[in-house]
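In what follows, a structure is listed as structure tokens, so that the remarks can point back to it.
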Amino acid sequence: MSSRIIPLKGIDARYEPLEWDFSRDHRADINRRWAARVATNPHLFNGTVLMQHHWDIRNGVYHAAYGPVDYASFLIWREMGEPGSPRRNGFAMAAVQTTDGAFVLGVMGAHTANAGRTYFPGGTPDLQDVTPDGRVDLAASMTRELYEETGLRADEVEISADWVVVLDGMRAAFLRPARLIYDSATTQRIITERLALMRESELSGIVLVHNSAEINTALTPPFAADYMRKVFSEN
């Protein structure tokens with residue numbers, strides 16, 4: 001297991017803008033690499049996302065300061081091996097399971113930067129997740145992404161109040177367990193039907209993972225794979 005899985009008592013995430021030296025110092029290279037990506041995939045959009053520039057865990061609470069960065073810088077930073085002053089990609093996802101215990105992973109669509117990869121529903125926070133009092137509302141980010149990506153409704157899924165953070169290199173995946181009211185077969189049918197009705201969806205489909213042997217490590221990031229293995233080993 002390459003990740004550290006840490007139960008949390010809470011998250012204190014704040015919006016505190018700070019200039020990013022990588023984005024400034026590598027601007028020409030970022031622009032060149034981004035242009036090449038857009039030429040291959042014109043659906044890519046260079047919006048604003050939030051990244052952590054400070055973090056620590058005290059008394060079970062994860063404290064973080066988030067600042068805005070352009071998506072092109074974020075993507076090229078990962079591509080170049082995450083150089084510059086430390087930044088962490090801290091995002092929230094719902095670890096959704098069916099009534100028979102299968103995890104629900106979304107398959108990223110061909111128009112996305114991570115085409116074909118499989119993830120829990122969720123994503124990197126952005127400016128709409130900043131509250132009037134300056135908090136970064138990761139719970140709201142997770143809930144919005146869950147419903148938008150899968151088409152599920154609030155009355156179809158029970159989301160836990162608990163948080164777990166999975167630390168994997170410069171990633172901090174904030175996961176909340178969630179339980180659907182459907183079994184695997186019904187979940188596959190319902191989400192597939194709803195994705196087909198969406199005008200725009202980040203997902204091309206879903207994958208159901210019933211046990212550790214079904215985890216596709218070539219397509220699933222280590223933080224998600226390690227978390228699923230841990231849950232399966234405890235059940």
Side-chain angles (χ1 to χ4, degrees), residues 34 37-50 68 70-72 74-75 78 89-130 136-160 171 173-210 214-216 218-221 223-225 227-228:
W34 177 256
R37 278 181 168 268
V38 172
T40 302
N41 183 358
H43 297 285
L44 292 176
F45 173 67
N46 188 19
T48 300
V49 295
L50 304 181
D70 62 289
Y71 185 64
F74 167 70
L75 204 63
R78 293 194 311 184
N89 178 18
F91 51 90
M93 291 181 158
V96 181
Q97 287 181 279
T98 61
T99 55
D100 48 338
F103 280 103
V104 180
L105 301 181
V107 181
M108 300 302 292
H111 61 290
T112 67
N114 297 299
R117 301 276 288 172
T118 57
Y119 294 88
F120 294 129
T124 302
D126 57 36
L127 292 173
Q128 66 181 313
D129 299 310
V130 179
V136 178
D137 193 340
L138 293 172
S141 174
M142 180 215 69
T143 304
R144 183 187 70 253
E145 296 285 349
L146 168 63
Y147 298 146
E148 287 182 356
E149 290 183 2
T150 65
L152 291 169
R153 302 189 307 265
D155 61 341
E156 295 174 312
V157 56
E158 181 181 357
I159 301 174
S160 171
R171 283 175 165 173
F174 299 100
L175 305 181
R176 255 187 169 163
R179 183 73 65 166
L180 283 168
I181 62 173
Y182 305 121
D183 62 14
S184 297
T186 305
T187 297
Q188 182 79 59
R189 176 180 58 81
I190 286 176
I191 295 181
T192 300
E193 289 174 351
R194 293 178 186 175
L195 289 177
L197 296 174
M198 293 182 186
R199 296 181 62 182
E200 293 185 11
S201 174
E202 288 194 356
L203 305 183
S204 62
I206 64 167
V207 171
L208 295 171
V209 179
H210 299 82
E214 292 184 355
I215 299 172
N216 186 335
L219 298 177
T220 306
F223 74 84
Y227 177 79
M228 288 189 288

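We're numbering straight along the sequence, starting at 1. What's counted below: heavy atoms across the whole structure, side chains too, no hydrogens, waters or symmetry copies.
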I need the T220 OG1 to M228 CE distance, nearest 0.5 Å. 5.0 Å
Closest contact, heavy atoms only, G90 versus P125: O-CD, 3.3 Å
Under 3.5 Å, is there a donor on one side chain and an acceptor on the other for T112 and N114? no
Main-chain N/O of D137 paired to S141 side chain as donor or acceptor, under 3.5 Å: no
Tell me whether the rings of Y227 and F103 are parallel (<30°), tilted (30 to 60°) or perpendicular (>60°). perpendicular
Gap separating the CD atom of E202 from the CD atom of E145, nearest 0.5 angstrom: 6.0 Å
At their closest point, which heavy atom of V157 faces which heavy atom of A178, and how far apart are they? CG2-CB, 3.8 Å
Is the closest side-chain heavy-atom distance between V107 and I206 below 4.5 Å? no
For A94 versus M142, what's the shortest heavy-atom pair and its separation? N-CG, 3.5 Å
Are side-chain heavy atoms of R37 and T40 found at a separation under 4.5 Å? no
Atom pair CG (L180) and CD1 (I190), whose distance is rounded to the nearest 0.5 Å: 8.5 Å
Check whether any side-chain N or O of R171 sits under 3.5 Å from a backbone N or O of N89 as a donor-acceptor pair, and report yes or no. no
Kindly indicate, with the supporting measurements, whether the criterion side chain to side chain contact (heavy atoms under 4.5 Å, CB included) is fulfilled by R189 and T186. CA-CA 5 Å; R189 176 180 58 81; T186 305; 3.7 Å; yes
Under 6.0 Å between the ring centres of F91 and F223? yes
Say you draw a straight line from OG1 of T118 to CG of L219; how long is it, rounded to the nearest 0.5 Å? 5.5 Å
Checking the side chain of E156 only, and the main-chain atoms of L152 only, is there a donor and an acceptor separated by less than 3.5 Å? no
Donor-acceptor pair, side chain of D126 and main chain of T48, under 3.5 angstrom: no
Which pair of heavy atoms, one from L44 and one from A113, lies closest together, and at what distance? CD2-N, 3.8 Å
With the side chain counted from C-beta on, respond yes when M198 and L203 share a heavy-atom pair under 4.5 Å apart, and no when they do not. no
Within this structure, what is the OG1-CD distance for the pair T143 and E148, rounded to the nearest 0.5 Å? 11.0 Å
Determine yes or no for a side-chain-to-main-chain donor-acceptor pair under 3.5 angstrom, with R179 supplying the side chain and T98 the backbone. yes
Donor-acceptor pair, side chain of H111 and main chain of S201, under 3.5 angstrom: yes
Is a side-chain donor or acceptor of T99 paired with a backbone partner of Y182 at a separation under 3.5 angstrom? yes
State, to 0.1 Å, how close H210 and S184 come at their nearest heavy-atom pair, and which atoms those are. NE2-OG, 3.2 Å
To the closest 0.5 Å, what do you measure between CD (Q97) and OG1 (T187)? 11.0 Å
So does A218 get a backbone contact from the side chain of R117, meaning a donor-acceptor N/O pair under 3.5 Å? yes
Which atoms form the tightest heavy-atom contact between P121 and V104, and what is the distance? CD-O, 3.7 Å
So L50 and L127, side chain to side chain contact (heavy atoms under 4.5 Å, CB included) or not? Walk me through it. CA-CA 7 Å; L50 304 181; L127 292 173; 4.0 Å; yes
